[in-house]
There are 2 protein chains.
Amino acid sequence: MPTRSQRKIADVVKPQPLADFKVGVDNAIFSVDTAQNRLLVLLVMRQQQPFLGQWCLPGTLVRQGESLEDAAYRILAEKIRVKNLYLEQLYTFGGPYRDPREETDKVRYLSVSYFALVRYEDAELIADGVSGIAWYPVKQVPQLAFDHNEILAYGHRRLKNKLEYSPVAFDVLPEVFTLNDLYQFYTTVLGEFSDYSNFRARLLKLGFLCDTGLKVSRGAGRPASLYRFNATAFAPFKDKPLVFI
Amino acid sequence: MPTRSQRKIADVVKPQPLADFKVGVDNAIFSVDTAQNRLLVLLVMRQQQPFLGQWCLPGTLVRQGESLEDAAYRILAEKIRVKNLYLEQLYTFGGPYRDPREETDKVRYLSVSYFALVRYEDAELIADGVSGIAWYPVKQVPQLAFDHNEILAYGHRRLKNKLEYSPVAFDVLPEVFTLNDLYQFYTTVLGEFSDYSNFRARLLKLGFLCDTGLKVSRGAGRPASLYRFNATAFAPFKDKPLVFI
DNA sequence: CCAAAAGTGTTTGTGGTACACCCATGT
DNA sequence: ACATGGGTGTACCACAAACACTTTTGG
């Protein structure tokens, strides 16, 4: 067994070869279909090998001079036209053997994943005729290419955590909304989590929702007030955990 | 202005060149000096250009066949001998121009950062005579090489969050400890956050700390009970937030 | 006996839970 | 009128904050 200093010399004389990488960005793009109370994720059909014809998360390889975040926004813009969204970095998957091309190309493929939440109602999918693209209910996603099921699961977990202490919902709800809209939104993402009445009482007490005075009637029943999110009034609650639960 | 289909054709004819990457792993390694109530981070002195002679977080480039996590554990093992530790991925910094070598080498340098918490008392620094290596109080770190101050700040934030809802402290405290040890630990990382008496009452009620019956006397005063963390009893509190505050 | 550190209560206020009830509208 | 969904109120319980008090040791 070599001593530590011997090993160090050996390292200098015959240093381990470094890996060369291509870096990909894969997005887990979520939206909430408030009409049907379903949480959706955007999938695309692969057009090339490997995994030709299989569904996967929209992704791209990072170009020269492009930042990771730029790349994330670029594929997003290539797949959907959307005005309101929230996006953040998720996790980096970089093990060897995660991409079959590695064998032939002699480079490793690393994936920096991002997760995004967009407003479903005005997210217009860009179907270019050739490539398949679709919203899938998260509960019904098929087997995906690469390790994308793992990325998706990770993104879903993060989304749930994020909702509990961060006002991302308002990035994605319409400008004005009823308290029931908000409640439905939380329920579809988190599952049952609280009584409506208490949800309502808690949020109104916090005081960052402004009653616009306007009302909407949806079928039978008493018309609901429309509220607006007040970012300034929310400021004190930044990084205070569990505001919404 | 080209239409979208025109742009698409242009892309196929003259696709944007992809970036080639080397991937580094940088670790923000924390420990708590319970004797002096200081939160420490491990820094090393750079031995080569760029940033020769400047402090930075311990890092390494990823080798062929090595996973990111493997690389993170490797530099950790090169710098300190330690038995008990917690380690998780932090964030990936991958913008262009973050490493000056980029200009000459024609490759991008991407950094996947990890953060680790180790037991200070038995973390033995591996000083090989040449390279500087030292624990720095987090509040007194100097200007670091690259974007490592940013990585450190991010890691510090994560550490604080982690402590609040996750039993990482017990990965790093001795097998048995007094409630005061535990309280001091939390206080040094989080700052003042609660009355000792209430901290004590809350934790004991949760029931995952077992009184060993043993006592220690530290100077004057009544001897304190030694407690042991019971992982099984903690299980129900997994992913329940704010257990410790 | 006194100081110091550990450990126990006690009081008060706040906030969550569960549920019952009132209100406004369409049919 | 009544069903339907929106909105309000309340009784109960748990727990956090603050702080006083008791217990056990060393000197």
Side-chain angles (χ1 to χ4, degrees), chain A residues 34-37 163-165 173-174 176-188 190-228 234 236-237 240-245, chain B residues 34-37 163-165 173-174 176-188 190-228 236-237 239-245:
Chain A
T34 36
Q36 297 192 64
N37 284 349
L163 267 193
E164 294 180 2
Y165 58 87
L173 282 170
V176 294
F177 49 85
T178 71
L179 284 175
N180 224 323
D181 291 339
L182 188 61
Y183 182 68
Q184 293 304 333
F185 186 95
Y186 275 85
T187 306
T188 37
L190 301 174
E192 290 300 330
F193 69 101
S194 162
D195 189 43
Y196 168 68
S197 162
N198 294 320
F199 175 80
R200 174 192 177 77
R202 206 169 334 111
L203 279 176
L204 287 182
K205 173 147 50 158
L206 292 171
F208 51 76
L209 295 182
C210 307
D211 192 333
T212 60
L214 304 172
K215 306 274 180 187
V216 272
S217 214
R218 320 236 245 238
R222 178 174 172 173
S225 278
L226 287 170
Y227 288 83
R228 181 192 312 280
F234 178 78
F237 302 99
K240 291 215 177 136
L242 297 187
V243 205
F244 301 104
I245 285 207
Chain B
T34 37
Q36 298 191 63
N37 284 349
L163 267 194
E164 294 181 2
Y165 58 87
L173 283 170
V176 295
F177 48 86
T178 71
L179 284 175
N180 224 323
D181 291 339
L182 188 60
Y183 181 67
Q184 293 303 334
F185 185 96
Y186 274 86
T187 306
T188 35
L190 301 175
E192 291 299 329
F193 70 101
S194 163
D195 189 28
Y196 169 68
S197 166
N198 294 320
F199 175 80
R200 174 192 177 78
R202 206 170 336 112
L203 253 67
L204 286 182
K205 175 147 48 160
L206 291 172
F208 51 76
L209 294 182
C210 307
D211 192 333
T212 61
L214 303 171
K215 308 272 180 189
V216 272
S217 212
R218 316 234 245 242
R222 178 173 174 175
S225 279
L226 287 170
Y227 288 83
R228 182 192 311 280
F237 302 99
D239 43 63
K240 290 212 177 138
L242 295 187
V243 205
F244 301 103
I245 286 209

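To find a chain, count down the sequence lines: A is the first, B the second, and so on, and within it residues start at 1. No experiment lies behind these values; they were computed from the predicted model shown.
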field: Under 4.0 Å protein heavy-atom contacts per nucleotide of nucleotides 1-11 of chain D, with B for base, S for backbone only and - for none
entry: ---BBBSBB--

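In this structure A:Tyr165 satisfies the ring pair (Phe, Tyr, Trp, His ring centres under 6.0 Å) test with no other residue, sequence neighbours excluded. Residues passing the ring pair (Phe, Tyr, Trp, His ring centres under 6.0 Å) test with B:Phe185, sequence neighbours excluded: none. Residues satisfying the side chain to side chain donor-acceptor pair (under 3.5 Å) criterion with A:Thr187, sequence neighbours excluded, are absent altogether. Under the salt bridge (charged side-chain N to carboxylate O under 4.0 Å, His left out) criterion, A:Arg202 pairs with no residue, sequence neighbours left out. Partners of B:Tyr227 by ring pair (Phe, Tyr, Trp, His ring centres under 6.0 Å), not counting sequence neighbours: none found. For the ring pair (Phe, Tyr, Trp, His ring centres under 6.0 Å) test, residues two or more places apart in sequence or in another chain that qualify with A:Tyr196 are A:Tyr183.
On the nucleic acid side, DNA chain C contacts chain B at distances under 4.0 Å to non-hydrogen atoms, with the end points of that region at C:dA4 to C:dG9.
Residue pairs satisfying the salt bridge (charged side-chain N to carboxylate O under 4.0 Å, His left out) criterion with at least one member in residues 211-220 of chain B, sequence neighbours excluded, are listed as follows: B:Asp181-B:Arg218.
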